[in-house]
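Worksheet: one structure, shown below.
The structure presented is a predicted model; accordingly, all values stated were derived computationally and were not measured. Basis for what follows: all heavy atoms, side chains included, without hydrogens, waters or symmetry-related copies.
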Amino acid sequence: MNIVEDLSVEEKLTILTDAAKYDVACTSSGVDRKGEAGSIGNAAACGICHSFSADGRCVSLLKILYTNECIYDCKYCVNRCSNDTLRTSFTPEEICDLTIQFYRRNYIEGLFLSSGIRKNPTRTMEEIYVALYLLRHVHHFRGYIHVKAIPGADPQVIEMVGMLADRMSMNLELPTADGLRALAPNKTRKTILTPMRQIQQGIYADRTEGGYRLGMQGSLREDLLTGDLQLLESQPVKGPCTAPLVDVEEHLRHVLSNYQTDRTTSLNRFTGEHPRFVPAGQSTQMIVGATGENDFQMLRVAEALYQKFDLKRVFYSAYIALNEDNLLPAVGTKPPLLREHRLYQADWLMRFYGFQAGELLSEERPHFNVYLDPKCEWALRNLEQFPVEINCADYRMLLRVPGIGVKSAGRIIAARKTGRLTFEGLRRIGVVLKRAHYFITCNGRMMYQTKIDEDYITRRLLEVDRRKNWELDYHVTFRQLSLFDDNMPLAESRDY
């Protein structure tokens, strides 16, 4: 492993921002916290800036790895230990300086911090904790912080990091046991699901008991993990040692001795406030296209994660073929971006539109039509339920009409109290009639004389989406301003 210690901060930034672009976290903060005298920054529920990395992915700023050193050899990962690439690490002080300097220049509103694993998981999480402690308690930074937890780290350290971060995430990476064993032999079911359960229980305790109790990790119910999701088998996997190098308490007390603190004071989020544990919730990420799982399998796993672990988001990351391996797609294979897009749309339908994974796909139809919106695909398979009369359909049915979203469905319900709606009224409300008119009537009439036929409507909808699908499939995206690619063109974003 080619580790270089004497790089400048700018050189480290170039390496570790590029290495971080494959960790997906395009999301708003989910937490509100006002600034106060003597502190820096604040956090708003939708206040996190976004930028696009060089490959077009939307990332939260400042988005960096603590280190790209890694003792694991996950075959899909660009930072795997078997890759011959330049390795470096930030120090906790450098993380703080970068975050504060970027914030003062109005470049960012928060920090997204992920990491490879150097030495062992616990030691890496300890160093991340030190960086967060310095930000919160020495620099008094009140902005949003999202941290990736590391599988196999000591629960006590995860607890301590959770008291300083707004959101934590643990990457599931691969949804099935076969995929995990084949591509990530150093990770096990227990090392992934145990911290996810710990974070979930800590968040619940924090919200229901008036504040997080110190030492909560000691009450983790291992029995809750039994049978969870049936995603990964709990077989022991030989790999690098994950035990702490030294006692967690002793090591952290030594590292933080210059800042005159101990665990009790460090767990206080801010002076005068009771500690909060991961107030913005937790999320996870799954890789799309590295292994043979179908869309139905991925949706079922995501559905179970929402139901059993109360996740805020499941992120989907189209696999970018960068590593040579006979178990992976060949280098240069086009990332399945349209497939990723359809999974995000289906995920949205499950979270906000009342759909279940079994309604959208099945064992017999395990894949989405990548050229057709999942909601349209469902409607076309259930044409016997359409057209629906817009002036009498209930809220649940309105949400299932292509072209009608949560906001427009609410507006329709409100508008019907004062009069009967017309197509022009629907247009003003925000209904996308180029999709919806195939599936609705107003006052008993359709907008046009339309044949209620699956093939006919499918052809028309594909024509509507043809340009959009081409842009997604060939990675033609509109970009926002980036800190590191100042020559990128700026253009308005589009809603999909």
Side-chain angles (χ1 to χ4, degrees), residues 9 12-13 15-17 19-20 23 25 60-72 79 87-100 102 108 110-139 141 143-171 191-192 195-196 198-199 202 217 240 242-256 258-259 261 263 266-267 269 275 277-280 282-285:
V9 173
K12 290 181 181 181
L13 188 63
I15 294 169
L16 295 175
T17 52
D23 240 326
S60 295
L61 296 174
L62 176 65
K63 184 176 183 180
I64 50 179
L65 294 186
Y66 181 79
T67 179
N68 65 344
E69 297 177 37
C70 197
I71 59 174
Y72 287 173
N79 298 312
R87 312 284 179 157
T88 190
S89 304
F90 285 121
T91 65
E93 292 78 8
E94 288 170 340
I95 294 286
C96 295
D97 185 60
L98 283 170
T99 304
I100 299 303
F102 277 129
I108 64 168
L111 171 68
F112 176 94
L113 186 59
S114 186
S115 184
I117 304 170
R118 68 178 199 177
K119 297 185 179 178
N120 64 51
T122 295
R123 189 60 173 266
T124 306
M125 283 300 292
E126 289 172 354
E127 295 178 11
I128 289 173
Y129 169 78
V130 173
L132 267 58
Y133 175 84
L134 297 180
L135 268 174
R136 293 299 197 198
H137 293 284
V138 176
H139 296 280
F141 181 70
Y144 174 76
I145 297 179
H146 180 166
V147 174
K148 289 281 185 179
I150 296 176
D154 189 281
Q156 186 177 8
V157 184
I158 291 177
E159 175 192 26
M160 296 169 73
V161 171
M163 302 307 297
L164 299 174
D166 291 298
R167 175 170 289 183
M168 293 185 73
S169 52
M170 173 69 68
N171 284 354
T191 59
I192 293 173
M196 289 177 70
Q198 177 190 350
I199 294 168
Q217 51 84 21
T242 60
L245 294 183
V246 294
D247 178 77
V248 175
E249 290 275 8
E250 179 184 345
H251 174 63
L252 288 177
R253 189 174 291 110
H254 171 71
V255 171
L256 295 171
N258 292 333
Y259 300 98
T261 187
R263 179 167 180 263
S266 66
L267 283 177
R269 175 173 288 276
F277 186 83
V278 195
Q282 68 168 322
S283 58
T284 193
Q285 170 182 300

Legend entry - Polar side-chain atom of Lys119 near backbone of Thr124 as donor-acceptor pair, under 3.5 Å: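 No, the answer is negative, given that no donor and acceptor are paired below the 3.5 Å cut-off.
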Legend entry - Main-chain N/O of Pro155 paired with Gln198 side-chain donor or acceptor, under 3.5 Å: yes
How close do [X] and [Y] get, heavy atom to heavy atom, and via which atoms?
X	Y	value
Met170	Pro151	SD-CG, 3.4 Å
Ala131	Cys96	O-SG, 3.4 Å
Met196	Gln282	O-NE2, 2.9 Å
Leu65	Ser115	CD2-N, 3.7 Å
Leu13	Ile64	CD1-CG2, 3.9 Å
Arg136	Gly143	NH1-O, 2.8 Å

Inset, instruction - Determine whether Leu111 and Ile95 make a side-chain contact, defined as any pair of heavy atoms from C-beta on separated by less than 4.5 Å. - result: yes
Legend entry - Side-chain heavy-atom pair Lys148, Asn171 within 4.5 angstrom cut-off: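 The answer is yes; the side chains approach within 4.5 Å.
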Straight-line distance of [X] [atom1] to [Y] [atom2], nearest 0.5 Å:
X	Y	atom1	atom2	answer
Ile71	Arg118	CD1	CZ	12.0 Å
Asn68	Ser114	CG	OG	11.0 Å
Tyr133	Met160	OH	CE	10.0 Å
Glu69	Asn79	CD	CG	10.5 Å
Arg87	Thr67	CZ	OG1	8.5 Å
Ile199	Met168	CD1	CE	4.5 Å

Inset, instruction - Assess the side chains of Ser169 and Gln285: does a donor N or O sit below 3.5 Å from an acceptor N or O? - result: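 Checked: Ser169/Gln285 side chains show no N/O donor-acceptor pair below 3.5 Å.
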Legend entry - Thr99/Ile145 under side chain to side chain contact (heavy atoms under 4.5 Å, CB included): CA gap, chis, key distance, verdict: CA-CA 10 Å; Thr99 304; Ile145 297 179; over 6 Å; no
